[in-house]
Amino acid sequence: MSASTELVYHCAPDIVWVKDADQTILVQEGTGRSWLLSSWQATVWDLLSLGYLADEIVYFLALLLEVPPETARDRLLPIINEWQVNGVLCDAAGGRCG
Amino acid sequence: MSAVSEPSQDDSIFVVPALGQYLIYAPLHNLAALVDGLAVRHIRDGLLVRGDSELGALTDLVGALSSRVHPPPEPKAGAFSPAFLGLIPTRGCNLGCAYCGFQAAEDPDDVMDLELVRDAIDWYLDLAHQQGARTAEIHFFGGEPFCAEEVLDFSFHYARFRASEASQVVRFEVATNGAYDDSRCRWAADSLDSIILSLDGAADIQDLHRPFRNGSSSFGRVARSAAILSSGAAELSFRVCVTADTIQYLPGIAGWLCQGFRPVSVGFEPLQPSAPSRAAGLQPPDPWTFAQAYCEAAWILEAHGVEAVYAAADITARRVTFCPVGQDVPIVSPDGTIAACYLLARDWEEKGLDLRLGKLAQGEVFLDSIAVAAARGLNVLAEPTCSGCFCKWHCAGGCHVNHVLPDNGGSYDRLCIQTRILALRNILKGLDRNDLMVELLKDREALEHAVFQSSDLIARVGLSA
C-alpha cells in the first residue's frame, strides 16, 4: 500500500476523535485502540476530516513548516500510509482501510 | 468648609433621577447607590466642599466616593500593542441580507491569500510575544468568513502552530451567518473559542431579513447550525438585528433562543439604517420601544442563565473607545490593507474618516504611526456630548462611523436614548432593583426625566425640591 497526493482520503468510519488544545486523540471504536496526534500531524488529520485533498494539504504544510512543497509531500505521504495501514484512514479509490 | 475637590474627581461621579429617588453612580469607584434628594445634596457638599459636618450616615459613602478604585480610562499610548488581530478572509457572502451594506463591497469575490494570512499572523504574534502576552486572539470578520474556509482553516492551524513555539495560547472568535454544512458546523463548534451567530428570529423574520442570495429560505439551515453549535465546546452567542417591525417579538425571540439552543449570551442590535435597508423598507425601532422590549427580553434571558447584551450599555466595560478603533487592533483585508475598523472604507470615507493604519504586502508591514495616532484620538474624551453622561465610560460615544454625535452636551439621539435606558437597567439590576426599572418603564415622564437630563455630573445635576 502506498499513499499518493492524487488520491482522496477520508477518516475510517469506526474512528472517533477528540481535539485538545495541542493534540488530537483518535480512538477506534470496538477495539479501543488509540493514537495521539500532535503538532502538524493533528493539523493533517483535521484537514483530512474536513475533506481537503492531499495536494491541498501539501500546500498548507509547506507554508506551516516553512519547507518546499516537495519536502512537505515527503513528510505527508508516510503519515498517510501509516494511517492507512493502521486502519484509521481510507482512500476513496479502493476504500482501503488498512 | 475648605478646599473644593479636584475637578478630575467630579467628572466620574454621576446622579440620575429615578422616580423620586436618585441613583448615585460612580463607575470608576465601583459604586452605585439609590438615595433621596437630601442625601445627594449632602454628598455633593461633602465632595465639593470638604468638611461638611452633616454627613452622618453618609460619611462612608462620601469616603468611598473620594478615592477611585479604577483609574480613568485613557487612550492608548506608546508602542503599537494590539488587543487582537482581525482578519477579513473575504467580503463575499452566501446570504443576501436585506439590510447588509457589505453587499456593495468593491471586491466581494476577493479571498485572502494564504501567504498574506501567514505574514499577518507572524507579525501579530511577534508583537504579542514582545509585549509578553501569553494569550493571543484572532477575530474573523466578513462578509461571511466561512465563504473562504481555507483561510480560516489555515489561520487556525498556523496560528496555533506558531503560538505553541512561543508558549502562547491563541483564542479564535468568528462572526458568522451559520449557513454552511453540518461537518463545518461541528468543526467550528469543536475548534473555535467563540462564535457569534446572526439569527434574527423564527422563520418568518429570518427569511425576511436574511435569505440566501437567491432569495430562498436560510432559516432551516441556520437553525440546524445553531443546534450543532450549541453542542460544542465553543461559546455560542446570538446576534439579533431588530427592526421597527420585529421589536414586538423580542421577548418571544429571547424565549425561543433559550429553549431551542444553548447560548451564553444574546445581543440585540437595532437595525443600522443603510441604503439596502431603506430600499427594503426596514426601519430601526423607536428607542423607547426598543428599550422596553429589550428589558423584557433580557429578564427572560437572565431567567435562563443567559446574558443579555447591548454592547454600548455594558457597565462592566470602562473604556474610551467602544470598538476596535483606537485599541490598536489591526484588521487585515484580503488586499493587505490594515485598518482600524472592519466596516467598508467607503462607509468611513462618507463620514470624513480615514481609518487605514497601513499595508501588508510581500511579507513587509508598513504601519503609519500618524494614522495610528489619529485612530487613538477618536475617543470619548473628544466628544463634548458625552462629557456629562453617566454612560460615557461604557458606551464611549459608540461607533465612530455610524454614531455621529451633536456638538453640544446633553443632546441625545436615538442611540443615546436607548443606551442611557439600558445602562440604567443594568445598574439597577446590579443593585437588585429590577422592580424600580419595571416602574420606570411604566412611567414615560419619569423615564424621560432620567434620559434627557443634560448633565449627570454630580456638580451640575438639578435636584427636585
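Proteins get letters first, then strands, A, B, ... in listed order; numbering begins at 1 in each. Just the heavy atoms: all of them, side chains too, but no hydrogens, waters or symmetry mates, feed the values below.
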### Task
Would you indicate whether B/R224, at its atom CZ, is surrounded by more than 12 heavy atoms from other residues, nucleotides or ligands within a distance under 6.0 Å?
no
### Summary
In terms of heavy-atom contacts, A/L64 and B/F154 come closest through N-CE1, 4.3 Å
### A/L63 portion near chain B, given a 4.5 angstrom heavy-atom threshold
both
Check: every donor-acceptor pair under 3.5 Å linking chain B and chain A:
| from | atom 1 | to | atom 2 | distance (Å) |
| --- | --- | --- | --- | --- |
| B/D153 | OD2 | A/Y52 | OH | 2.5 |
| B/H157 | ND1 | A/T43 | OG1 | 3.0 |
| B/H157 | NE2 | A/D46 | OD2 | 2.6 |
| B/R160 | NH1 | A/A21 | O | 2.8 |
| B/R160 | NH2 | A/A21 | O | 3.2 |
| B/R162 | NH2 | A/L64 | O | 3.3 |
| B/R162 | NH2 | A/E66 | OE1 | 2.6 |
| B/W187 | NE1 | A/D46 | OD1 | 3.3 |
| B/W187 | NE1 | A/D46 | OD2 | 2.8 |
| B/S191 | OG | A/K19 | NZ | 2.3 |

